[in-house]
Structures are given as C-alpha cells and as structure tokens.
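Down below is the structure, laid out as structure tokens.
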Amino acid sequence: MENPLCPSSVLSAFPDVFLKRMEMDLLQRFEAYVASEKKIEPKDWMPDAYRKTLIRQISQHAHSEIVGMLPEGNWISRAPSLKRKAILMAKVQDEAGHGLYLYSACETLGVQRDDTIADLHSGKAKYSSIFNYPTLTWADMGAVGWLVDGAAIMNQVPLCKCSYGPYARAMVRVCKEESFHQRQGFQIMMTLAQGTEDQKAMAQDALNRWWWPSIMMFGPPDDNSPNSAQSMAWNIKRFSNDELRQKFIDLTVPQAELIGLTIPDADLKWNEETGHYEHGPIDWAEFNRVIAGHGPCNKERLAARNKAWDDGAWVREAAGAHAEKRAARKAASNTAAA
Amino acid sequence: MNARFEYLLRLGDDALLLGQQLGLWTGHGPVLEEDIALTNIGLDQIGQARAWLTLAGRAEGTGRDEDTLAFHRDQSKFRNALLCERPNGHFGDTIVRQFLFDAYAVPLHAGLAQSNDAEISAIAKKSAKESAYHLRHSQAWMVRLGDGTTESHAKVQESLNLLLPFVGDLFHSDEVSSTAASEGWGVDPAGLRDAWEATLTETLEAAQLRRPDAAPEQVGGRLGRHTEQLSFLLAEMQVLPRTYPDAKW
C-alpha cells in the first residue's frame, strides 16, 4: 500500500483554517496507518506530539548508550585477562556504535546531534538512571552485562517493531549486539560463581547491588507511568512496564539459580497458579531519588561527559578548520584550472 | 639468552602498552567517532599483543601464557619501546604517539610477513592490515591538527617535540634483533628507519609541522630500563591477577 501521509512540506502552502481541518484529517489517517502496523518514515507527516515523544525517547536512549560507556569503560584498564580486556573493549565500543545509530535516527526527526548532546551535558535531558550506580568490582562487568543489558533487551526487542522506521531498524542491530553482551555478562558471572571463594563473594555482592536497580529499569509501575498509554496507541511501546519487568524476572531467576547465586529478595516466590514469580516491594523512593540527580554517581557521570566534550573542543574546532581550509584550497585550484 | 623469546616480547609489549593506554580513551574521546576509533585501534593492539605474547611464551618453553606474561611480570621485565609507555596526555599527545608508532609498525609488519616462521608471518600479515589502517587514522589526525587552528597547531607541535626523542627504542639493534634477522624469522629494526623517516617527512609537510631540532634519544625499553610511568600503568593493569593469583577469570 502507498503511504497516504502527505509530506509535511506540502502543508505549508495552505492557509491556517484549511490547515487545521487537514491536520485533523491527517491525524486520523496517521492513526489508522500506524494501527495497520505500517512504518512512519522521516518525510511523512506526523503529529507534533509523536515527533516530540520520539525525539525524547530516542535521544534518551542514545544518551544512555554514551553515559553507559563510563561505568564499564572504568574496568577496561583493570580487566583480569587479555581476553576479557578485548571482549570488554569490543562491548563498550558497541555501545558507542549504538549511540551513533540512535543519534542519527534522532536527526531524521529534525534535531542536530550536537544540540541533543548539549541537552545531556546541561542536565536537561535524561539517560537511563541505572548508570548512576558505581561499578565497584570486576563482577560488576558480569552483572551489568547479564542484568542491565538483559533488562535493556527486554525493553528493546519490542522496539524493533516500533512504528517509526529509522528507530525500528536501528533497534534490530542494537538488539543483536545487546543479546551477545548479555551472554558475555552471564558468562563472566558463571565463571566467578564457579571460581574461588573470593570470586563467588564478588559475584554475589554484584548481584545484590545490581538486582533492584535493574528491575527498576522497566520504569514506574503501570498505574503510575505517565507516557505509556499514548506510546502504546502509537505503536512505539508494545508492552507495559510491569509486563516487561515480570518477563525479565521470570527469565532471570532460574539463571541465577543455575549458577548458584541468590536473588536478594526475601519475598521472591514462584506462583504455580499464575506461572510467574512474585517479587517483594520495589523501593520507588530510591528510583525517584536517583532520577532526580541524587544517585551515587549522577554528578561523576555528567562531569565525565562534560569534561570529555570540553577537553575535545579544540580537536573538533581543528577538524572543522582543516576541512574549511581544504575546501577553500580545492575551490581555488578548481578556479585556477578553469 | 633466548633471542626468540626476547624478540617476541618486544613485539608483544609494544602492542600491549599501546592497547592498554588507548583503552583509557573509551568514553572520553573528543567526539563519539573517535571513542570508537581509538577503542578499535586499542582492541587491535590487544589482539596483536595476545598473539605475540602467546608465541613468546611458547618460545620460552616454561609454560607461561599471554596472561602470565602480561600480568605477572614486573616493569624491569617489560621490553616495550619507551614511546609506547608515554602517557595518553591530551588527544594530540595520543595521536602523535600512535602516529610515530604506526609509521614504524607498517614497515615492521611488512618485513615480518616475509618471516621464514609460518606463525610469525601469519600474525604479521594480519597485523599489517591493521597497522595500515591505524596509520591512515593517525596520519589524518596529524594533518587535521597540524593544519587546523593556531591552537591545535601549537599543541600538536609541542606533542611532537616531547615525543620524538622517545622513538630510539623502535630502531634499537642488538644481539637479539641481529639473530632474528640473520636466522630469517625476524627483521632488523635499524633497517626500518628509512621507511619511517619517509612517512614522517611526508606527514609533517602535509601537517605544516616543523621537525624539532635533533635531541639525544631516550632509549632503554628493549633492555628493561623504563620511565616512571610504566610502573603506574602496570599497577593498574595487573591489579586483579596479582591480588587473586589463584583465580581464573
């Protein structure tokens, strides 16, 4: 089927009164189009709120990839074997790559990467709150891969079917890499859990610290999730926060048991009737505190990003100045040749 | 003395120290593309280090593997060129260090690809593809920074002035390297200097950088005499295997 949505540039040719009526008509057609599982592409007309929602979500996602490089990058220099060092470097480099695709996907909605990054650096834009927790031991590289990337995949696989084409396509590749990251994280944990007493303790300690922040990654409970309903209607979001959280817990608990680690939740129990695990209360006050900027590492993470950006200013300026000089020299030589 | 072991350690330690330091840029580069590039180059260096150190361990014949050699040697047992242990500094310092090394690595790997030892030749052939790409990257940045703004020109010129005296080890010839060359499995580093000089001259010209006045070269890395920086680098790198000597990771 041909995309019935009019390119947004055409609309500017009409007076306001017609525009309003046309927009209402377009909105209906847009909603029907999205409901029929078709993809919206960058040049298609889309409601402003849809565009804004996507810009917010994709840029937050990109920022999360970039800030997420810091807690893991932290251990590259101390990886305990050369093989682990190589794997960790490859993994963190993948996260940078995800940041790049996502900033590019965001640019298709009409915003510039540098402006988006400026919003991150000023503290205006959010990123995943999980990266405001510290990575204290090598086992955190296992826990982050296993739990944080595991939770991210749970959130992200449905986004491969998101109604916005560039985001959906970026997510296909991101998810392939994330699923590899999750397996390498679990493999680190498994190795530690089968290792010396010190290593086992390190693994259990990492699980204790990362479990609750990981299950908070799915966001507030469904009855308190302000953006969810509209995102579901627009096929940006496919499953509710609580559904995804439950799915993650059901999948992860047996993995912990398999390697002999204990989930730090005294209330956790299997419910035969529902076929799901029941979990204890989540400390939403902590979640809100960390989001509000008062987690253990919020200030360090933003300071590190700002420092990298500020320290690199002279490099970016040099690259720009050199490109201009080259272009000017080329133009001059073309003129001379003509 | 086991010349083969010593020679392979030199190759492995150069790559290891560069890889270790490039990894520190991950998440801290001036632009996202450079986070990716520097980490990727560092990853190649770690890959090369693993291959050379594994081969070195085998040549030594006492059962030491890549990790024993990387994590359980003290600084005086390291055989890397002093250039490779110079600190990252700012982006220009890292680029100059990498460029000076890449301009040497390209002819080195080309020479080693002709080795009469099948394993050395195979590792060198793979490394040659990587070092050609690394040189393209570092050379392009030498030119961008040298022929960029007044500030970038001054900064990268200063980096060059500071780092150029540390290249001496790269071309250090002794009994180890002459054995390698005469037996046909290695190359004499002194013979790589002309190719390195040609790349340097061509790049400095394109970058509008001045070759600093000749200064006495700092040497000693091939013999285990290092700068203060190495011990700090190793303390960080080796912390886990040293703290938990019985652990497998």
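Throughout, a chain's letter reflects where its sequence line sits, starting with A, and its residues are numbered from 1. Values in this document were obtained by computation on a predicted structure and should not be read as measured data.
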Of the listed E317(A), K85(A), E72(A), the one with the largest count of heavy-atom pairs under 4.5 Å with chain B is K85(A)
Under the rule for salt bridge (Lys or Arg N to Asp or Glu O under 4.0 Å), what residues qualify as partners of E119(B), not counting sequence neighbours?
R58(B)
For the pair R305(A) (side chain) and G27(B) (backbone), establish whether a donor and an acceptor sit closer than 3.5 Å, ignoring hydrogens and angles.
yes
Distance in Å, H322(A) NE2 paired with H153(B) NE2, rounded so as to fall on 0.5 Å steps
13.5 Å
Roughly how far, to the nearest 0.5 Å, is the CD1 atom of I41(B) from the CD atom of Q93(A)?
10.0 Å
Which atoms of K83(A) approach chain B - backbone, side chain, both or neither, heavy atom under 4.5 Å:
both
With a 4.5 angstrom heavy-atom cut-off, could you sort out which part of L43(B) is near chain A: side chain, backbone, both or neither?
both
In terms of heavy-atom pairs under 4.5 Å with chain B, the winner among A86(A), G312(A), A318(A), G320(A) is A318(A)
Would you find more than 12 non-hydrogen atoms of other residues, nucleotides or ligands less than 6.0 Å from R210(B) atom CZ?
yes
Out of curiosity, L240(B) CG to R78(A) CZ, how far, rounded to the nearest 0.5 Å?
7.5 Å
Tell me, side chain or backbone of D35(B) under 4.5 Å from chain A's heavy atoms, or both, or neither?
side chain
Engaged part of I46(B) at the chain A interface, taking heavy atoms whose separation is under 4.5 Å:
side chain
Of the listed residues (E236(B), Q238(B), K248(B)), which shares the most heavy-atom pairs with chain A below a 4.5 Å separation?
E236(B)
Could you tell me which portion of L70(A) (side chain, backbone, both or neither) has an atom closer than 4.5 angstrom to a non-hydrogen atom of chain B?
side chain
Is it the backbone or the side chain of A70(B) that comes under 4.5 Å from a heavy atom of chain A, or both, or neither?
side chain
More than 12 heavy atoms of other residues, nucleotides or ligands under 6.0 Å from CZ of F180(A): is that the case?
no
Spatial distance of atom CD1 (I36(B)) from atom CG (L100(A)) [nearest 0.5 Å]
4.0 Å
Is it the side chain or the backbone of A323(A) that comes within 4.5 Å of chain B heavy atoms, both, or neither?
neither
Residues from residues 183-209 of chain A approaching chain B under 4.5 Å (heavy atoms):
T191(A), L192(A), T196(A), D198(A), Q199(A), M202(A)
Heavy-atom cut-off 4.5 Å, strictly under: side chain, backbone, both or neither for Q208(B) against chain A?
side chain
Counting heavy-atom pairs under 4.5 Å with chain A, which one of E34(B), H28(B), R242(B) comes out on top?
H28(B)
Would you say that more than 12 heavy atoms from the other residues, nucleotides or ligands in this model lie under 6.0 Å from the CZ of R173(A), or not?
no
Is W25(B) in contact with chain A via its backbone, its side chain, both, or neither, using a 4.5 Å heavy-atom distance?
neither
Flag the pair R316(A) and E33(B) as a salt bridge only when some basic side-chain nitrogen lies within less than 4.0 angstrom of an acidic carboxylate oxygen.
no
With the threshold set at 4.0 Å, does a side-chain nitrogen-carboxylate oxygen contact exist between R84(A) and D67(B)?
no
Going by side chain to side chain contact (heavy atoms under 4.5 Å, CB included), S77(A) matches just one of M237(B), Q21(B), Q20(B). Which one?
Q20(B)
Got D311(A) and F91(B) here, is their nearest side-chain heavy-atom distance under 4.5 Å?
no
How long is the gap from CG on D94(A) to OG1 on T39(B), to the nearest 0.5 Å?
10.5 Å
Does V239(B) reach the side chain of W138(A), with side-chain heavy atoms less than 4.5 Å apart?
no
What are the two closest heavy atoms between A321(A) and T149(B), and how far apart are they?
CB-CG2, 3.7 Å
Shorter than 4.5 Å, heavy atoms on both sides: which option in E151(B), K155(B), E66(B) has the most such pairs with chain A?
K155(B)
To the nearest 0.5 Å, tell me how far R326(A) CZ sits from R144(B) CZ.
8.0 Å
Contact origin within V143(B) toward chain A - heavy atom pairs under 4.5 Å:
both
Cut-off 4.5 Å, heavy atoms of chain A, and the answer for L16(B) is side chain
Taking the side chain as every heavy atom from C-beta outward, state whether I66(A) and L32(B) have any pair of such atoms under 4.5 Å apart.
yes
Does any backbone or side-chain atom of L53(B) lie under 4.5 Å from a heavy atom of chain A? Answer side chain, backbone, both or neither.
side chain
Determine whether more than 12 heavy atoms belonging to other residues, nucleotides or ligands lie under 6.0 Å from atom NZ of K129(B).
no
